[in-house]
**Student:** 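Have a look at this one.
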Amino acid sequence: MSHGLYLYGIFPSPGPTGLALEGLDQQPVQAQVIEDFVFLYSEAKQSRYLASRRNLLGHEKVLEKAMGEGYRTVLPLRFGLTISDWQAVNEELIAPRSAEMKALLARLDGYREVGVKVFWDAAAELQLLMAENAPLSAERDRMSGRNLSMDEVVRIGQAIEQAMDARRNAIITAFRNGLSALAIEVVENDNLTEAMVYNAAFLIPWDTETTFSQQVEAIDQQFSDRLKIRYNNFTAPYNFAQLH
Amino acid sequence: MAVEKVNSSSSLAEVVDRILDKGIVIDAWVRVSLVGIELLSVEARVVIASVETYLKYAEAVGLTSQAAVPAA
């Protein structure tokens with residue numbers, strides 16, 4: 001029984017039509033040209049695709065390999081899209097969205113997405129805060145050893161939280177201001193963990209990645225050894241390829 | 001301290017942050033099974049209510065209140 005076709009991404013023609021890539025379920029990746037677009041797809045072997053590590057990374061790997069072969073401009077498709085035939089693509093995507101897709105491809109041409117996730121060690125930051133903030137540490141010392149009321153605990157907890165927020169905001173501002181100037185578009189995403197302080201994606205000219213990378217390092221150094229940064233410098237541009 | 005360079009296909013957290021809710025989508029084509037998706041929550045979202053946060057901070061600097069201790 002056929003499960004249709006699994007889709008990976010859309011490239012501008014002539015696009016990656018002759019690449020030997022392996023897709024999900026070890027299926028060969030093929031290219032379908034429709035008007036000015038080239039779709040990478042493979043035969044679907046399942047009715048629904050589990051969002052497993054292998055499948056998620058496998059989908060992204062197809063796009064990264066095509067990008068690595070020089071087909072840098074791509075509209076990545078969300079994980080798990082399958083179609084029964086190309087007529088659906090014509091009717092549901094190309095016909096209503098062709099102009100918007102072309103505009104999006106033109107905007108992405110010559111640019112790349114990079115991502116920065118900044119983490120701190122909250123416990124170490126708190127110790128630093130208490131060491132550096134004399135009024136707060138004096139208040140803590142004054143309250144220490146006493147049986148405190150809930151109001152007192154909430155009050156000092158609140159003061160500490162505000163001071164921690166100020167530290168967090170200083171880090172966010174440094175990265176936001178220092179990196180946004182190098183990008184034509186920025187998307188700030190939710191933090192995914194308690195330790196994550198900043199999570200943003202930047203659309204930058206393709207050839208300026210080295211400069212951007214150096215700037216990430218330079219901002220990190222402003223905070224000596226307080227931060228850990230995950231810098232993603234090669235990805236399909238999910239954050240900037242969205243139809244509205 | 002340390003800048004770790006990654007690409008999306010080498011990091012599950014990077015790909016999860018993008019591929020499930022961003023990119024081009026036609027809702028009618030989505031064929032995703034979310035069975036076991038919680039296994040992927042390697043970076044689970046953490047939301048802590050304000051008062052709990054205050055108590056947590058006070059405790060972290062060595063302060064506690066009798067009133068903050070839940071009844072046995």
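By convention in this document, chain letters (A, B, ...) are assigned in the order of the sequence lines, proteins followed by strands, and residues within each chain are numbered from 1.
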**Student:** With a 4.5 angstrom heavy-atom cut-off, which part of M143(A) approaches chain B: side chain, backbone, both or neither?
**Tutor:**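 For M143(A), backbone and side chain are both near chain B.
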**Student:** Are any non-hydrogen side-chain atoms of R31(B) and Q46(A) less than 4.5 angstrom apart?
**Tutor:**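 When only atoms from C-beta onward are counted, Q46(A) and R31(B) do not touch, as no gap falls below 4.5 Å.
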**Student:** On a heavy-atom basis, which atom in V15(B) and which in L57(A) lie closest, and how many Å separate them?
**Tutor:**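 Minimum heavy-atom separation between V15(B) and L57(A): CG1-CD2, 3.7 Å.
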**Student:** Which distance, rounded to the nearest 0.5 Å, do you find between the NZ of K117(A) and the CD of E4(B)?
**Tutor:**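 Result: 11.0 Å between the selected atoms.
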**Student:** Answer yes when R18(B) and E113(A) have at least one side-chain N-carboxylate O distance shorter than 4.0 Å, and no when they do not.
**Tutor:**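 Answer for the salt bridge query: yes.
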**Student:** Which atom names give the shortest non-hydrogen contact between L126(A) and A60(B), and what distance separates them?
**Tutor:**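 Answer, listing the atom of L126(A) first, then A60(B): CD2-CB, 3.2 Å.
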**Student:** I need the S9(B) OG to M67(A) CE distance, nearest 0.5 Å.
**Tutor:**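 One gets 10.5 Å once the value is rounded to the nearest 0.5 Å.
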**Student:** Who wins among G9(A), A201(A), P76(A) for the most heavy-atom pairs under 4.5 Å with chain B?
**Tutor:**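 Winner by heavy-atom pair count: P76(A).
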**Student:** Counting only heavy atoms closer than 4.5 Å, note whether V89(A) contacts chain B via side chain, backbone, both or neither.
**Tutor:**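 When you check distances to chain B, atoms from both the backbone and side chain of V89(A) fall under 4.5 Å.
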**Student:** Do the side chains of L192(A) and V16(B) get nearer than 4.5 Å, heavy atoms only?
**Tutor:**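 No. Closest side-chain heavy atoms not under 4.5 Å.
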**Student:** Is it the case that atom CD in E132(A) sees more than 12 heavy atoms from other parts of the structure closer than 6.0 Å?
**Tutor:**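 More than 12 heavy atoms, drawn from other residues, nucleotides or ligands, come within 6.0 Å of this atom.
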**Student:** Could you tell me which portion of E152(A) (side chain, backbone, both or neither) has an atom closer than 4.5 angstrom to a non-hydrogen atom of chain B?
**Tutor:**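 For E152(A), neither part sits under 4.5 Å from chain B.
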**Student:** How about L77(A) and V25(B): do any of their side-chain heavy atoms sit closer than 4.5 Å?
**Tutor:**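 Side-chain contact under 4.5 Å: no.
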**Student:** Just by modelled atom types, is the D21(B) backbone N or O under 3.5 Å from a matching donor or acceptor in the R78(A) side chain?
**Tutor:**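 Indeed, once roles are kept as given, a pair shorter than 3.5 Å links the two residues.
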**Student:** When heavy-atom pairs shorter than 4.5 Å are enumerated against chain B, which of H59(A), R140(A), Q127(A) gives the highest number?
**Tutor:**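 Heavy-atom pair counts peak at R140(A).
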**Student:** Identify the heavy atoms of A28(B) and E92(A) that sit nearest to each other, and give their distance.
**Tutor:**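 It is CB-OE1, 4.1 Å.
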**Student:** Counting heavy-atom pairs under 4.5 Å to chain B, which of L129(A), L7(A), I83(A), I156(A) comes out on top?
**Tutor:**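 Going by pairs under 4.5 Å, I would pick I83(A).
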**Student:** So which atom in N232(A) and which in N7(B) form the shortest heavy-atom distance, rounded to 0.1 Å?
**Tutor:**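 Minimum heavy-atom contact is OD1-CA, 3.6 Å.
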**Student:** Please look at L63(A) and chain B and tell me whether the side chain, the backbone, both or neither of the residue comes under 4.5 angstrom of a heavy atom of that chain.
**Tutor:**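 Neither part; nothing is under 4.5 Å.
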**Student:** Under the criterion side-chain contact (heavy atoms from CB on, under 4.5 Å), which of I24(B), V30(B), D27(B) is the partner of L81(A)?
**Tutor:**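 So, applying the side-chain contact (heavy atoms from CB on, under 4.5 Å) to L81(A) and each of I24(B), V30(B), D27(B), only V30(B) qualifies.
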**Student:** State the CD1-CD distance between I160(A) and E59(B), to the nearest 0.5 angstrom.
**Tutor:**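 Nearest 0.5 Å value for the CD1-CD distance: 11.5 Å.
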**Student:** Relative to chain B, which of V114(A), L93(A), V118(A) shows the most heavy atom pairs under 4.5 Å?
**Tutor:**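 Of the options given, most contacts go to L93(A).
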**Student:** Report yes if some heavy atom in the side chain of D17(B) is under 4.5 Å from a heavy atom in the side chain of N199(A); otherwise report no.
**Tutor:**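 Yes - at least one pair of side-chain heavy atoms lies under 4.5 Å apart.
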**Student:** Please report the closest heavy-atom contact between A2(B) and D220(A), naming both atoms and the distance.
**Tutor:**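 So the two residues come closest at N-OD2, 3.6 Å.
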**Student:** What is the minimum heavy-atom distance between L148(A) and L63(B), and which atoms define it?
**Tutor:**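 Heavy-atom minimum between the residues: CD1-CB, 4.0 Å.
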**Student:** Report yes if the side chains of L56(A) and L20(B) come closer than 4.5 Å at any heavy-atom pair, otherwise no.
**Tutor:**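 Yes, close enough: below the 4.5 Å cut-off.
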**Student:** Can you tell which of V154(A), L136(A), L243(A), N239(A) has the highest number of heavy-atom pairs within less than 4.5 Å of chain B?
**Tutor:**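 Top count of heavy-atom pairs under 4.5 Å with chain B: N239(A).
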**Student:** Flag the pair K22(B) / N189(A) as yes when at least one side-chain heavy-atom distance between them is below 4.5 Å, and no otherwise.
**Tutor:**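 A side-chain contact exists here, since the closest heavy-atom pair is under 4.5 Å.
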**Student:** Around R54(A), counting heavy atoms of other residues, nucleotides and ligands shown, do more than 12 lie under 6.0 Å from its CZ?
**Tutor:**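 No, CZ of R54(A) has 12 or fewer neighbouring heavy atoms, counting only those of other groups under 6.0 Å.
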**Student:** Side chain of E64(A), backbone of S8(B): donor and acceptor closer than 3.5 Å?
**Tutor:**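 Yes, the answer is positive, given that a donor and an acceptor are paired below the 3.5 Å cut-off.
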**Student:** So what's closer than 4.5 Å to chain B heavy atoms on S137(A): side chain, backbone, both or neither?
**Tutor:**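 Neither part.
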**Student:** Please look at M101(A) and chain B and tell me whether the side chain, the backbone, both or neither of the residue comes under 4.5 angstrom of a heavy atom of that chain.
**Tutor:**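 Neither part.
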**Student:** Of the backbone (N, CA, C, O) and the side chain (C-beta and beyond), which part of V6(B) lies under 4.5 Å from a heavy atom of chain A, both, or neither?
**Tutor:**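 Both backbone and side chain of V6(B) come within 4.5 Å of chain A.
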